[in-house]
Structure formats: C-alpha cells, structure tokens
Amino acid sequence: MATTLTTLAYLVASVLFILALRGLSHPETSRQGNVYGMIGMGIAVVATLLKPGMSAGGIALILLAVAIGGSIGTYIATRIQMTALPQLVAAFHSLVGMAAVFVAAAAFYAPESFGIGVRGNIKASSLVEMSLGLAIGAITFSGSVIAFAKLDGRMSGAPILFGGQHWLNLGLGILLLVLIIAFVGTGNGALFWIIAILAFALGFLLIIPIGGADMPVVVSMLNSYSGWAAAGIGFTIGNLLLIITGALVGAAGAILSYIMCKGMNRSIINVLLGGFGTDSGAAAAAGAGDRGPVKAGSPEDAAFIMKNASKIIVVPGYGMAVAQAQQVLREMADLLKKEGVEVKYAIHPVAGRMPGHMNVLLAEANVPYDEVFELEEINPEFADADVAYVIGANDVTNPAAKTDPASPIYGMPILDVERAKTVFFVKRGMASGYAGVENELFFRPNTMMLFGDAKKVTQEIVQALQK
Amino acid sequence: MNPSELAAQAEATARRALELAEQARLAAEAAALQAAPVAAAAEPFLFLLTIFLLACFVGYYVVWNVTPALHSPLMGVTNAISSVIVVGAIMATGLAYSGVATAFGFLAALLASVNIFGGFIVTRRMLAMFRSKKG
C-alpha cells in the first residue's frame, strides 16, 4: 500500500475514533460508537500491515502476537465481574504503558523502521520525543500496577506515607529530567534503560501515598497518562494516528480527573499528595454520645413506610457494590413500583471506585438508565420525596459539607437527602465514612438506621414487601 | 585612453562581474543547502504539534459531551483506542531492521492486543446493559 493510502487510512481511523467517543453522548448511540471504534482499529492495523517493505516473517510474528494477546484480552473481558471493572481498567492502563515502553525501545534499536535516523545516530528531536514517550509510558505502567493492586485488594488501600516522600519524588523527577537531557545529548543505550527504571520507580512512588477511595481520580489520571504516552510515541515515530488518538485519550482522562476532583471539592494536587482518608472510624464512635439517640429500625418498619410512600429516591454508594446488593435493590424497586410508588436513583459523581461505575452496576441489575439521575438533576427532587434510601453511601450525603467550614469535606457537592421526609441509612455500623467525618444525619429525628449488610437488609425488606 | 583599451577594460570588468556573480550563486546554494535540513527538521515537528493541539481541542469538546452515566464505558473505549500504539509495534516487527527491535515490537503488539480486544469487548458488555424503561 502506498504511503498516501496508508496516511488516508489513518485519517479514516482517526475520524472513526472521534465518532466512537461522540457516540457516548447517549446510551442509544453508544453501541454504534463502539462499533466505529472497532472498525477504526481494524483499518489502522490492516493499513500498517500492508505498508511497503513488510517482511512475511514479520507479519507472521505480528499475527501471532495479536492472536495470543487477543485471546487473553477476550478471555478476561468476557469473564470479568462488573464490580471488578476499576481494577480491570487499571490493569489495562498498565499494558498501554508497557507497550509504549517497548515501542520506544524498538524505535531506539531500529530507528530505520520509522525513518528517524540510523542506529546510534538518531535525530535529537526524535530522542526528546522518545524519552518522553518512554518516561510517561513507564510511569503509567508502574502507577497502574499499584492502582490495580489497591483496587483489587492485593495491597492495602491505606495510603503509604513516609518522611520526605514528596521531596524524594521531586528529586527523582528532576533527576529524570537531567537524564533525559543527557540521553538526548549522547543517545546512549544505558541511559535509555536508566530512564526507564527511574520512571518505573517514580510511577510506583507517586501512587502509593494515595488512598483507596481516591482511586477514581488516580484511574482517570492514569487513563490520561496512557494517552499522553501514546502521543509521545506518535511524535517519536512521526505517526499522525498515534498523535491524534493520544490527544483524544489524554483529554478524556484529564476531563474525568477534573470531574472527580470537583466531585470531592479537592484540587488534583491535594489528591496526588495523598494521605487522605487514613482510617479514623474510632473518632465517630467517640463523638456519638453527645449527639443524642440514634433511631434504629427494622426492615419491616422500612418496608411499611416505603409501601405507603409516593416517591422514593435511592442513593447507592460503594458499600452497595461491595455487598453486591444491586440485584435485590432492583427487586425492591420493582415491588414498590407495583404498589404505585415512584422510584428514582441518585448517583454522586464519586460514587464507586471509577467514574460512572455505579451506573454500570445498576444497568447490570436491569435498572433502566432513565430512572438514574446525576447530582444536579436530582437534588431539587429530594424536597418532595417521601423516602431517601441511602445504601452503602455516607460522606456524599453529609450536610457538614454545606454547613461546617472546619470539616474536611466542606465544599464538596452532596446529595440533599436530608430534605426527604424520611431518610433510611443502610449501614453495617456507626463507623464514619472514608473522609473520617461523623455524619450528623444519623442523629436526626427523621432518620432511621437500618443496621446490617446492605444485601441482607434489602432482602429482608423485599420479603416484608411480598407479604 | 583609446577605444581599444577601453573595450579591453570593459571586457575585464565584465569577466570580473561574472566571476563575482558565480561566487554569489555558489554561496547562495551553499547557504540553501545548510538551511534546508534546519527547515526540514522544524516543519514536520510544527506540523505534528499543530495536529496534536487541534486533536486535544476535539477531544476536549467531544468528551465534555459524554453523558456522566457512560463515564465507565468512556474509559473502556479510550483504553482500547490508546492501544493504537500497536501501529508502532507492527512497524518495528514487520520492517525488521534489528532482532532486538523485532522482539520488543512483538511484545508491544502482544500487550496492545490484550488491550484492544479486552477494551472493546468489555465496553460492549457495559453498553449492552444500558436499557431504557421501554426497551
């Protein structure tokens, strides 16, 4: 295939990728969008395979790699539980990072393949781009591995902090820059690998101080990095498709990070410095005494009140996902709807462990997407709701975010559940949420605590409703 | 000064002018030769940078239009398409200028393929679940 044709094919693929993202503006167009994405990728791969000068042996090797990798990817993606989606995405990001490192290495040892010079004498501008792609790719890899381990429970979600941590990271960052400059000046192969190792270490060190519940930001950020890494490699090998796609992905990740930070009213710097959410459940228990009595109810009480309500808003949080309560929650909603009750769902931007995770879990439990609402849409409706059913969420409902400037969550947008006539909190105990802040709503007269496992409590409500 | 002397002098001056012109032409050519690689190195980079920045803007506006309910599928799709890095891996392996580069290209193609298939399939699974009240 002539170069012009290849370039045209890449252009078509770029447009298809843009359409794939465009489709996600609505659930109905999204499925078609995903198909566009697949076609775009197919075109890109085939056009590259048809480039002039491709050896038959090389093509055979690639097909082998695609067959092996494709089988593994298909196997994992068809079997993964939707609750494990965040760690899957983190793992996938690490692969993009590692692939960027490998392509940078390939470009370093065979610059002729990409027309950027000959081995040992690569253009300085290409070396700059190569080292950037390499460093970002390596950081993406090790950072994503840590994010995966934290999300998958293979290591504690608690922040790992030690003295001088941020100075160490800053020092390593500066050292990395110096090494990149030296590498561009000399084109030395040893420096290439030292940069890679240092960037691996840096990615690792950057993510360990960040707590488990800040992972939505981290996952979004690493998504962004994987895009920048691809763009860096695109610059290195002078490939427009890589540059365009990298920019799209980089922008997507950056926007998601921004939305997540805004959902917690924290700056990206604050999140990255880490240390937030060190466990302090004891503080809440200690403060409980002077707050007056907590009203605990039984599932039967809850079922009775909800049956007689006309409008119920369900507020699911990460606790619902942990307890796998989404299916039984939808059963409860179905029964209530049969009784003529209007049921809606309210999703906070940072509910779950990755952006939009809660929506997927509800969709999996066959909750129609037009019953699920975002914070800004649903907040005005709590005032005329009879019941707010908060299941596995806590901090995102805490009015202290609006009233107490001293609170760590002050300024965070919250769901106004306290405006509902009755608030149910399904919780295992009185422990505070991730932010370590006590929720005054637990002590209000119109709140009823339903203590127990989210799934078990909801199941008992379902049984009571069926009677 | 007689006319023949004048003519000889004019001829000598003309020849000198011609020599100077020739020298100027050579100098200009040399200058052009020296300038060419600089221009060639700067322009493609600027070209790529232009495309990159414009694509950032396209990404920005398209992604702000993504409904928050579909942010997880957005991650799945971006994950899959960022693996278009496989193009670099294919070139390194297929053009086979060095054994080491072929090996790295092979590994990169393998990892990127896990992502391409995994990313698109898991996104498809997610999107298939989103149904409206009617459907």
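Numbered from 1 within each chain, the chains take letters A, B, ... in sequence-line order. Reckoned from all heavy atoms, side chains included, excluding hydrogens, waters and symmetry mates.
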* Could you tell me which portion of A:L362 (side chain, backbone, both or neither) has an atom closer than 4.5 angstrom to a non-hydrogen atom of chain B? => neither
* Structure fact -> Value for CG (A:N359) from OG1 (B:T67), rounded to nearest 0.5 Å, stands at 7.5 Å
* **Straight-line distance of A:L222 CG to B:M75 CE, nearest 0.5 Å** => 8.5 Å
* Structure fact -> Whatever's closer than 4.5 Å to a heavy atom in chain A on B:T102 counts as side chain
* Output the distance between atom CZ (A:F235) and atom CD1 (B:I51), rounded to the nearest 0.5 Å. => 9.5 Å
* Structure fact -> Residues B:K133 and A:D370: closest non-hydrogen pair is N-OD1, 3.1 Å
* Please lay out, stage by stage, how A:L21 and B:T78 fare under the test side-chain contact (heavy atoms from CB on, under 4.5 Å). => CA-CA 8 Å; A:L21 299 185; B:T78 51; 4.0 Å; yes
* Structure fact -> From the list A:A229, A:A110, A:G37, A:S25, the residue making the most non-hydrogen contacts under 4.5 Å with chain B is A:S25
* To do: Considering only heavy atoms and a distance below 4.5 Å, find which of B:N65, B:V62, B:N115 pairs most often with chain A.
  => B:N115
* Which of A:P27, A:G69, A:A247 touches chain B most, by non-hydrogen pairs under 4.5 Å -> A:G69
* **Contact origin within B:I85 toward chain A - heavy atom pairs under 4.5 Å** => both
* Structure fact -> Between A:F92 and B:G119 the two heavy atoms that sit nearest each other are CE1-N, 3.7 Å
* To do: Tell me, for A:I237 versus chain B, whether the close heavy atoms (under 4.5 Å) come from the side chain, the backbone, both or neither.
  => side chain
* Structure fact -> Of A:G70, A:G58, A:S226, A:A231, the largest count of non-hydrogen pairs under 4.5 angstrom with chain B goes to A:G70
* Structure fact -> salt bridge (Lys or Arg N to Asp or Glu O under 4.0 Å) pairs touching residues 23-37 of chain A, sequence neighbours excluded, are A:E28-A:R31
* Under 4.5 Å, counting heavy-atom pairs only, tell me which of B:P68, B:A89, B:A103 racks up the most with chain A. => B:P68
* Take A:L24 and B:V63 through the side-chain contact (heavy atoms from CB on, under 4.5 Å) test and state the conclusion after the steps. => CA-CA 8 Å; A:L24 291 168; B:V63 172; over 6 Å; no
* If you draw a 6.0 Å radius around OH in B:Y60, do more than 12 non-hydrogen atoms from other residues or ligands fall strictly inside? -> no
* Structure fact -> So OG of A:S113 and CD1 of B:I90: to nearest 0.5 Å the spacing works out to 12.5 Å
* To do: Among the options B:L54, B:N79, B:V58, pick out the one with the most heavy-atom pairs lying under 4.5 Å from chain A.
  => B:N79
* Can you tell which part of A:H357 gets under 4.5 Å to a heavy atom of chain B, answering side chain, backbone, both or neither? => both
* **Nearest heavy-atom neighbours spanning A:A251 and B:G59** => CB-C, 4.0 Å
* Of all of B:A128, B:A108, B:A112, which one pairs up most often with chain A through heavy atoms under 4.5 Å apart? -> B:A108
* Asked: More than 12 foreign heavy atoms under 6.0 Å from OH of A:Y109: is that the case here?
  -> yes
* **Region of A:Y10 that comes under 4.5 Å of a non-hydrogen atom in chain B** => side chain
* With a 4.5 angstrom heavy-atom cut-off, could you sort out which part of B:V86 is near chain A: side chain, backbone, both or neither? => side chain
* In terms of heavy-atom proximity below 4.5 Å to chain B, should A:N223 be classed as side chain, backbone, both, or neither? -> side chain
* Supply the atom-to-atom distance A:I62 CD1 to B:F106 CZ, rounded to the nearest 0.5 angstrom. => 10.0 Å
* Structure fact -> Rounding to 0.5 Å, atoms OG1 (A:T78) and CZ (B:F117) come to a distance of 12.5 Å
* **Residue, of B:P73, B:G118, B:S113, B:G99, that accumulates the most heavy atom pairs under 4.5 Å with chain A** => B:S113
* Check whether A:E374 gets within reach of chain B through its side chain, its backbone, both or neither, counting any heavy atom under 4.5 Å. => side chain
* To do: Pick whichever of A:V96, A:I72, A:V89 has the most heavy-atom pairs under 4.5 Å with chain B.
  => A:V96
* Where does A:T245 contact chain B at under 4.5 Å (heavy atoms): side chain, backbone, both or neither? -> side chain
* Structure fact -> Shortest non-hydrogen pair, A:L85 vs B:S72, comes out as CD2-CB, 4.4 Å
* If you look at every heavy atom in B:V84 and A:M41, which pair is closest and at what distance? -> N-CE, 3.8 Å
* Asked: Which bit of A:L256 comes within less than 4.5 Å of chain B, counting heavy atoms only: side chain, backbone, both or neither?
  -> side chain
* Asked: Can you check whether B:M91 reaches A:T48 side chain to side chain, under 4.5 Å on heavy atoms?
  -> yes
* **Contacting region of A:M98 [heavy-atom separation from chain B under 4.5 Å]** => both
* To do: Could you check whether the rings of A:Y258 and B:W64 sit parallel, tilted or perpendicular, using 30° and 60° as the cut-offs?
  => perpendicular
* Structure fact -> Nearest heavy-atom approach of B:S132 to A:P368 is C-CB, 3.7 Å
* **Residue part contacting chain B, namely of A:S220, when any heavy atom lies under 4.5 Å** => both
* Below 4.5 Å from any heavy atom of chain B, which atoms of A:V372 appear? Answer side chain, backbone, both or neither. => neither
* Asked: Can you name the ring pair (Phe, Tyr, Trp, His ring centres under 6.0 Å) partners of A:Y225, sequence neighbours left out?
  -> none
* Asked: In terms of heavy-atom proximity below 4.5 Å to chain A, should B:V87 be classed as side chain, backbone, both, or neither?
  -> both
* Tell me, out of B:A55, B:A69, B:S98, who's got the most heavy-atom pairs with chain A below 4.5 Å. => B:A69
* Asked: Among A:S71, A:A99, A:S126, which has the most heavy-atom pairs under 4.5 Å with chain B?
  -> A:A99
* To do: Go through the atoms of A:R79 and report whether side chain, backbone, both or neither lie under 4.5 Å from a heavy atom of chain B.
  => backbone
* **Residue A:I233 versus chain B: region with a heavy atom under 4.5 Å** => side chain
* Asked: Should A:N34 and B:V77 count as side-chain neighbours, where that means a heavy-atom distance under 4.5 Å?
  -> yes
* Identify which part of A:V101 has an atom lying under 4.5 Å from any heavy atom of chain B, answering side chain, backbone, both or neither. => neither
* Asked: Which bit of B:A80 is near chain A, if near means a heavy-atom gap under 4.5 Å: side chain, backbone, both or neither?
  -> backbone
* To do: Find the one option among A:I347, A:L242, A:L248 whose heavy-atom pairs under 4.5 Å with chain B are most numerous.
  => A:L242
